[in-house]
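This report concerns only the one structure given below.
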Amino acid sequence: MVAPESSYGEESVPPTSGAAPAVEPHTIRSVDVDLTINGAQHRLASLDVNATLLDCLRDALHLTGTKKGCGLGQCGACTVLVDGRRVNACLCLAVMQQGKQITTIEGIGIEGDLHVLQSAFIRHDAFQCGYCTSGQIMSGLACIHEGHTRSDDEVREWMSGNLCRCGAYTNIVAAVREAAQGSVAK
Amino acid sequence: MTPFTYAKPESVAQAVRSGAGHQSDAKSSALDFFAGGTDMVQLMQERVRNPEHVVDITGLPQLDRIEVGEQSTRLGALVRMSDAASHPHIVEVFPVVAEALLASASPQVRNLATLGGNLLQRTRCGYFRDVVTPCNKRIPGSGCPAIDGQNRGLAILGTSQRCIATYAGDFANALMVLDASVLIAGSAGLRTVALADLHRQPGDTPHLETHLQPGELIVAIELPHLAVGLRSHYLKVRDRTSFAFALASVAVGLDMASDGTVRDARIAVGGVATTPWRLPRVEQALRGHKLDAELCRAASALASADAVPHGQNAFKVTLLERVVARGLEETGGLA
Ligand SMILES: Cc1cc2nc3c(=O)[nH]c(=O)nc-3n(C[C@H](O)[C@H](O)[C@H](O)COP(=O)(O)OP(=O)(O)OC[C@H]3O[C@@H](n4cnc5c(N)ncnc54)[C@H](O)[C@@H]3O)c2cc1C
Ligand code: SF4
Ligand code: FES
Ligand code: FES
């Protein structure tokens, strides 16, 4: 309803009419959402707009590899890649992820053909209960691609968004560093 | 999360017309802007904010850019924390900004969170975020259980009888030493506000946290190039090495002559005050003197001159002085 503007800097903004804030007429409470996950298209019919990406992945699409720990951005268990960047799926609204490439743990390797980093986690015994592991691996992948693996301390700092209540940290750092030195070209 | 309706405006004018706000009390604005969502989703999941309508501003054009001009650098409000922190010009010219951003939250959160949203993040006071307790900020007039309660993380500077909540952000403290300003779009057009004038001290109205009016949108943050040449640095002390809010932090900007004399000093602290907080007395004590360990110690002793401790947070008085001293030494090349 408003013409696209060329620059936010110079545009004049028309005043609001009256006291009541004008809610735009095209507001929605639920909507069909199209998500691209691990290269595949998924349609979620009339999804509530308050659904998080995490709940959508787990409850609607049954991609339960992504875990829910805190639901508040504090633990990293829900880490996925959106357009190649690691984010907390619990802090994202699903409706805002349309048109983006979402990668979850299910998308990086399969039994018999694991990702280098998955194999490194197994080789280094980088987990006990495994609850944090898919988030650690997704975060570790991004950490490697970002190039933050030059020392153990650097890995610790850049993996600090992923908590492990079992305390497998030492082995997680070792697995991430080993995978960083090998090929992660997958 | 309480259900809400959702709209994604395509222009700043449309977003402003929505009238969405950012007050902290549970009742006022039923319309909230939503950018990275990292604080909004937390607040909505814990029912601290229950907007009826959410205005997603991430589709607004051109607000995700960093523009390096002649006089200033302009950071769009939708620039993600991670992108600002790794921008070569920011890293080189405004290290205090890059360091403050990298000391904030986690890589995942920084990939989502925007600079505009960062400035407006809510306090981490546990009572504010627990809806079953009273809190003057959330429910004006209901009382402040923190003053005689769990206040280890809360403020010692800028407090009132009604609220002692800490301003939790790091980025704003770095901006304070650079004399940054904020460009705001509202129904009457654009206005510029010094960052130092964006936040309000709690006083008798702790639910009013900023001077933004309903519908007003932060569109950019402006860093004047006057501050170029300043040595700057951010030091943050936390309960753990990484991924935690500050117990005390300091942003330092020093303009030093070649013989070590301080021509100008700008110092702001975090984790200890109710808003981003400059320390003019410490700055004054440094100006015109040669920076050495003794001067750092003497000047930083003035940091807590106005401090009002509240029991559990009394340790912050000494911690603040030491963090300021250490920050000065590190910036001045003494440590
Ligand atoms: C686990 C965790 C740890 C954290 N640790 C730290 C830390 O150590 N240091 C630190 O500084 N921060 C920390 N944060 C806070 C984080 O940096 C902020 O939540 C984030 O920067 C907010 O940005 P956003 O884009 O996600 O804002 P949103 O959550 O989208 O919005 C925040 C508020 O700002 C309003 N808003 C957003 N953009 C605009 C705009 N352009 N104009 C007007 N209003 C707007 C919204 O209405 C809302 O009220 C942490 C957050 C989490 C989740
Ligand atoms: S300190 Fe402020 S935010 Fe915390 S309980 Fe008191 S009034 Fe609420
Ligand atoms: S579930 Fe998302 S960070 Fe904990
Ligand atoms: S392996 Fe159990 S939480 Fe990390």
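Order of the sequence lines sets the chain letters (A, B, ...), proteins ahead of strands, with each chain counted from 1. Computed over heavy atoms, backbone and side chain alike; hydrogens, waters and symmetry mates excluded.
- Looking only at heavy-atom pairs under 4.5 Å with chain B, the residue among A:N162, A:V49, A:V82, A:T52 that has the most is A:V49.
- Atom CZ in A:R58 sits 5.5 Å away from atom OG1 in A:T64 (nearest 0.5 Å).
- Of the listed residues (B:D83, B:L102, B:T241, B:D39), the greatest number of heavy-atom pairs within a distance under 4.5 Å of chain A belongs to B:D83.
- Neither the backbone nor the side chain of A:S30 comes within contact range of chain B; no heavy atoms are under 4.5 Å apart.
- With a 4.5 angstrom heavy-atom cutoff, B:Q42 touches chain A via backbone and side-chain atoms both.
- Only the backbone of A:C90 comes within less than 4.5 Å of a heavy atom of chain B; no side-chain atom from C-beta onward does.
- One distance of note links CD1 of B:I218 with CG of B:L183; it measures 10.0 Å at 0.5 Å rounding.
- Shown here are the side chain to side chain donor-acceptor pair (under 3.5 Å) partners of B:S181, two or more places apart in sequence or in another chain: there are none.
- The residue among B:T2, B:V54, B:D56 with the most heavy atom pairs within less than 4.5 Å of chain A is B:D56.
- No close placement of the A:H42 and A:H62 rings is indicated, their centers lying 6.0 Å or farther apart.
- A:R29 and A:D48 are not joined by a salt bridge, as no carboxylate oxygen comes within less than 4.0 angstrom of a charged side-chain nitrogen.
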